[in-house]
Amino acid sequence: MAKAALITGITGQDGAYLAELLLAKGYEVHGLARRSSTADVNTTRLKWLGIEKDVRIVDGNLMDLSGLARTMRDVRPDEVYNLAAQSFVKSSWQQPILTGNVTGMAVTNVLEALRLEIPEAHFYQASSSEMYGLTPEPMQSEATPFHPRSPYAVAKLYGHWITVNYRESFGIHASSGILFNHESPLRGIEFVTRKVTDTVARIKKGLASELRLGNIDAKRDWGHSKDYVRAMWLMLQQDQPEDYVVATGRTTTVRDMCRIAFEHVGLMIDDHLVIDPDLFRPADVPTLLGNPAKAKAKLGWEATISLEQMICEMVDADLERVGD
């Protein structure tokens, strides 16, 4: 029989690419999605990949433990990937309690439902490089201390440690991927990379004239979501659950990322970039650089898509979306 997987956050960037990967491997893929009275489930990303009809959407909410337990009992997944979260760092200052509940406490609900109904299943928790925050180490590994600098990062840290706790307390095959920044054409418009590529496309098409950003000297380790979901899957194929840093090992400033996007369409960054003090975060993280040595050694994983390739792919996709 084919393996079954349950993905929370299946309508997001990583959820969609992970569903595509698992379907290609013959899995039966179920996705937990929250519906509202005003809109149906947004399956835009699944449609973009051409897999909307191949996944089974299950109604659910991370804050509803009884509903999660029922879903675990009905689906009986072999693997559970918890990707759902309030994942926009800027919004976490405006909605700290919501972020704490959905991004942090809800992880306990998923783990508890799994423990009660399918304790033999393998579990993946989407942790984040934002947990490192104001770290003294120039390159972050699994052993680097955490110093979160936003409500989002604090909530992610709770989700990370409760995953460790359930692994150690109940013997659950629970692994966390400490993923550094990863992007794609499916990235939400509110994230800086997609904001850049969308605005560059609009400037090229004559629909905009400037790109407004905050701290462009921040450095990030950027990879492609398609590479990173492959690491998620590899973690759950291991005999023993562990935590892994998933990163490229290369850091780049926001300024240089912007330059790649502008040069791809033959424009000069200095002609269009505007620094807006209102866009600076209350507490920023200056540099994030991941050390993927453990993932390479134990999982055989490494990034295959470069930052330049990714940004150019994103710009091209946004040029197509903007149209003539």
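In this structure, the side chain of Arg76 engages the main chain of Glu117 through a donor-acceptor pair within 3.5 Å. Side chain of Glu320 to backbone of Asp316: no donor-acceptor contact under 3.5 angstrom is found. In this structure a side-chain-to-backbone donor-acceptor pair under 3.5 Å is missing from Asn82 to Gln125. Without hydrogens or angle criteria, His173 side chain to Gln238 main chain gives a donor-acceptor distance under 3.5 Å. With hydrogens and angles ignored, the 3.5 Å screen pairs a side-chain donor or acceptor of Asp318 with a backbone N or O of Asp198. Asp243 places a side-chain N or O within donor-acceptor distance of the main-chain N or O of Ser176, the cut-off being under 3.5 Å.
The side-chain contact (heavy atoms from CB on, under 4.5 Å) with Leu273 is formed by just one residue from the set Val196, Thr199, Leu213; it is Leu213. Screening Leu22, Thr43, Val29, Leu49 for a side-chain contact (heavy atoms from CB on, under 4.5 Å) involving Val55 leaves a single residue, Val29.
When only modelled atom types and interatomic distance are considered, Thr135 and Gln140 share no side-chain donor-acceptor pair under 3.5 Å. Looking only at atom types and distance, the side chain of Gln86 has no donor-acceptor partner in the side chain of Thr103 under 3.5 Å away. Side-chain contact check for Gln309 and His224: no donor-acceptor pair (N or O, by modelled atom type) lies under 3.5 Å.
Separating the CD atom in Glu52 from the CG atom in Leu46 is a distance of 7.0 Å, to the nearest 0.5 Å. Here the CG atom belonging to Leu18 is positioned 8.0 Å from the CD1 atom belonging to Ile10, to the nearest 0.5 angstrom. One distance of note links CD1 of Ile178 with CZ of Phe146; it measures 4.0 Å at 0.5 Å rounding. Note that CE of Met310 is 5.5 Å distant from CD of Glu183, once rounded to the nearest 0.5 Å. How far CZ of Phe262 is from NE2 of His272: 6.0 Å, rounded to the nearest 0.5 Å. Considering CE of Met235 and CD of Gln240, their distance stands at 15.5 Å, rounded to 0.5 Å.
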Requested in this report: Could you walk me through whether Met131 and His160 pass side chain to side chain contact (heavy atoms under 4.5 Å, CB included), step by step?
Outcome: CA-CA 9 Å; Met131 300 186 309; His160 177 80; 3.7 Å; yes
Requested in this report: Give the C-alpha distance, both sets of side-chain angles, the deciding distance and a yes or no for salt bridge (charged side-chain N to carboxylate O under 4.0 Å, His left out) between Glu308 and Arg250.
Outcome: CA-CA 12 Å; Glu308 289 79 7; Arg250 169 192 176 189; 2.6 Å; yes
Query raised in the report: What do the steps show when you test Arg167 against Ile172 for side chain to side chain contact (heavy atoms under 4.5 Å, CB included), and what is the final call?
Result: CA-CA 5 Å; Arg167 179 172 70 217; Ile172 291 174; 5.6 Å; no
Report task. Evaluate the salt bridge (charged side-chain N to carboxylate O under 4.0 Å, His left out) criterion for residues Glu130 and Lys156: first the C-alpha distance (whole Å), next the side-chain angles of each, then the deciding distance (0.1 Å), finally the verdict. Result -> CA-CA 8 Å; Glu130 288 287 332; Lys156 275 293 185 184; over 6 Å; no
Query raised in the report: Asp14 and Leu179: side chain to side chain contact (heavy atoms under 4.5 Å, CB included), yes or no, with the steps?
Result: CA-CA 11 Å; Asp14 290 0; Leu179 271 57; 4.3 Å; yes
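Nearest heavy atoms, Tyr27 versus Ala5: CD2-CB, 3.8 Å.
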